[in-house]
Amino acid sequence: MLTRSAAVLWRRAYRRVVRSAFDTVPFYRERWALDGRTEPTLVPGRTGSVDGATEPEVLRRTVVDLVPLSGGSTRLDPTRGLGHVLPRARDLRTGALVVVVDDAASAPPSDLPRGVRGCVVNPDLLGDADSAVSVEVTNALHRGSQVVAVGGDKELARLASALPESLARRLDRLPRRTLSELDTGPYGVLHDPLLGYLGALGECGRWHLDFRHVYARRTKGGLAVTLLTQRSPVLVDVLVAGGVHAAVETCPRHGTPVVSL
């Protein structure tokens, strides 16, 4: 099980992010001062309508207020965290190409392991023969490089169908799942449209959180996730898409946090 000291450190890291957000980020300072929140409670007597968690739609509308007072970016990155969770799902070789098939992503993942390249494919443009990204994927497969494609089941199927059959057979497809889809496939990576990549299915058959970079807790509104290592925009206690109620437990084999429906 997760050791007591590790659990304390995980929660302590989360509390530091909460207090920093309250002190430096306009959105959280106003919201929690007026409505309150729990774990920790910042204003005595005010615990928040959903324990202080926030719906993702609200954050998307007010992303400028998620920037700390010291300044920062307003760009939400749907590929954030992929480089951290991939090693649990795949053994990546030096020179591998990671292809993110996502129409919401505008740039390759910035946190991939050293020696691993990334690119983004818009599934709506897969029929474009002049697509530079399509050429990059095809060339990598021709060279015999490891190519791992990450995306929804339909998007991965579209990418494979856009390639010659001989190359499509060599494409390593890694499906992404939202929290509400955890029971729809035997493997994959855990993704949220706003928060990015949160974890991966381990060989033990459990969905492991990237606990070094992600904190999750149960609230009245569903599972709320906080990014522990972030600069701007700041995402704290964000309800996962669909407001899914899930449990945060400890993997009996690995002793680290896992989520389950």
Greater than 12 external heavy atoms within 6.0 Å of Arg231's CZ: no

Could you give me the CA-CA distance, side-chain angles and deciding distance for Leu167 and His142, then say whether side-chain contact (heavy atoms from CB on, under 4.5 Å) is met? CA-CA 7 Å; Leu167 296 182; His142 273 304; 3.7 Å; yes

Heavy-atom check, side chain of Thr54 versus side chain of Leu235, under 4.5 Å: no

Return yes if some donor-acceptor pair links the side-chain N/O of Glu165 with the main-chain N/O of Ala160 below 3.5 Å, else return no. no

Would you compute the distance between atom CZ of Arg37 and atom OG1 of Thr219 and round it to the nearest 0.5 angstrom? 10.0 Å

Heavy atoms of Ala140 and Val147 approach each other most closely as CB-CG2, 3.8 Å

Please check if the number of heavy atoms outside Glu30 that lie under 6.0 Å from its CD is greater than 12. no

Lys/Arg N to Asp/Glu carboxylate O, Arg217 vs Asp237, below 4.0 Å: yes

So does Arg16 get a backbone contact from the side chain of Ser20, meaning a donor-acceptor N/O pair under 3.5 Å? no

Exceeds 12 heavy-atom contacts within 6.0 angstrom, atom CZ of Arg11: yes

If we only count heavy atoms from C-beta on, is the Val116 to Arg93 side-chain gap below 4.5 Å? no

So Asp65 and Arg31, salt bridge (Lys or Arg N to Asp or Glu O under 4.0 Å) or not? Walk me through it. CA-CA 11 Å; Asp65 290 328; Arg31 184 179 181 88; over 6 Å; no

In the structure I gave you, are the side-chain heavy atoms of Leu97 and Val148 within less than 4.5 Å of one another anywhere? no

Heavy atoms, side chains only, cut-off 4.5 Å: are Val150 and Val99 in contact? no

Are more than 12 heavy atoms from other residues, nucleotides or ligands located less than 6.0 Å from atom CZ of Arg12? no

For Arg75 and Asp77, what are the C-alpha separation, side-chain angles and deciding distance, and is it a side-chain contact (heavy atoms from CB on, under 4.5 Å)? CA-CA 6 Å; Arg75 187 177 74 88; Asp77 183 8; 4.0 Å; yes

What's the verdict on side-chain contact (heavy atoms from CB on, under 4.5 Å) for Arg158 and Val101, showing C-alpha distance, side-chain angles and the deciding distance? CA-CA 9 Å; Arg158 290 181 66 180; Val101 191; over 6 Å; no

Would you say Val258 and Leu209 make side-chain contact, with heavy atoms under 4.5 Å? no

Is it the case that one hydrophobic cluster holds both Leu92 and Tyr197, taking links as side-chain heavy atoms less than 4.5 Å apart, direct or via other members? yes

Provide the closest heavy-atom pair for Leu261 versus Ala246 in the form atom of the first, atom of the second, distance. CD2-CB, 4.3 Å

Check Arg80 with Asp111, please: is the shortest side-chain N to carboxylate O separation under 4.0 Å? no

In Å, rounded to the nearest 0.5 Å, how long is the span from CG of Asp210 to CZ of Arg212? 8.0 Å

Sub-3.5 Å donor-acceptor pair from the side chain of Ser232 to the main-chain atoms of Val234, do we have one? no

With hydrophobic residues grouped by side-chain heavy-atom distances under 4.5 Å, do Val85 and Leu182 end up in a single group? yes

Please name the pair of heavy atoms, one in Gly188 and one in Leu174, separated by the smallest distance, quoted to 0.1 Å. CA-CD1, 3.9 Å

Asp192 vs Leu179 side-chain heavy atoms within contact, under 4.5 Å: no

Just wondering, do Thr256 and His208 contact through their side chains at under 4.5 Å, heavy atoms? yes

Evaluate the side-chain proximity of Val100 to Val121: yes if any heavy-atom separation is below 4.5 Å, no if none is. no

Applying a strict under-4.5 Å side-chain criterion to I, L, V, M, F, W and Y, I'd like to know whether Leu195 and Val67 cluster together. no

The reported gap from CG in Asn139 to OG in Ser145 (rounded to nearest 0.5 angstrom) is 9.5 Å

Common cluster, Leu228/Leu9, ILVMFWY with side-chain heavy-atom separation under 4.5 Å: no

Could you tell me how the ring of Trp10 sits relative to the ring of Phe211: parallel (under 30°), tilted (30 to 60°) or perpendicular (over 60°)? perpendicular

Do you know the tightest heavy-atom contact between Gly222 and Leu239? O-CD2, 3.7 Å

Point-to-point distance, once rounded to the nearest 0.5 Å, from SG of Cys204 to CZ of Arg253: 5.5 Å

Going by an N to O cut-off under 4.0 Å, is there a salt bridge joining Asp102 and Arg176? yes

Under 4.0 Å between a Lys/Arg side-chain N and an Asp/Glu carboxylate O for Asp153 and Arg177? yes

I'd like to know if the side chain of Glu203 pairs up with that of His254 as donor and acceptor (distance under 3.5 Å, no hydrogens or angles considered). yes

When clusters are formed by joining ILVMFWY residues with side-chain heavy atoms under 4.5 Å apart, either directly or through shared neighbours, do Val238 and Val18 land in the same one? yes

Got a salt bridge between Arg206 and Glu249, using NZ or NE/NH1/NH2 to carboxylate O under 4.0 Å? no

N/O donor-acceptor pair under 3.5 Å between Trp32 side chain and Val43 backbone: no

Report the distance from atom CG of Leu171 to atom CD of Gln146, rounding to the nearest 0.5 Å. 11.0 Å

Where is the tightest heavy-atom contact between Val25 and Pro68, given as atom of each residue plus distance? CG2-CA, 4.3 Å

Heavy atoms of Pro78 and Ala105 approach each other most closely as CG-CA, 3.8 Å

Between Arg90 and Asp172, is a salt bridge (Lys or Arg N to Asp or Glu O under 4.0 Å) present by the stated rule, with each step listed? CA-CA 10 Å; Arg90 288 291 186 275; Asp172 184 2; 2.8 Å; yes

Show, in sequence, the C-alpha distance, side-chain angles and deciding distance for Val64 and Phe27, and conclude whether the side-chain contact (heavy atoms from CB on, under 4.5 Å) test is met. CA-CA 9 Å; Val64 67; Phe27 176 85; over 6 Å; no

I'd like to know if the side chain of Tyr28 reaches the main chain of Asp23, judged simply by a donor and an acceptor atom lying under 3.5 Å from each other, with no hydrogens or angles considered. no

Judged by atom type as modelled, is there a donor-acceptor pair below 3.5 Å linking the side chain of Arg88 to the main-chain atoms of Gly202? no

Rounded to the nearest 0.5 Å, what's the gap from CG on Leu198 to CG on Leu190? Could you check? 5.0 Å

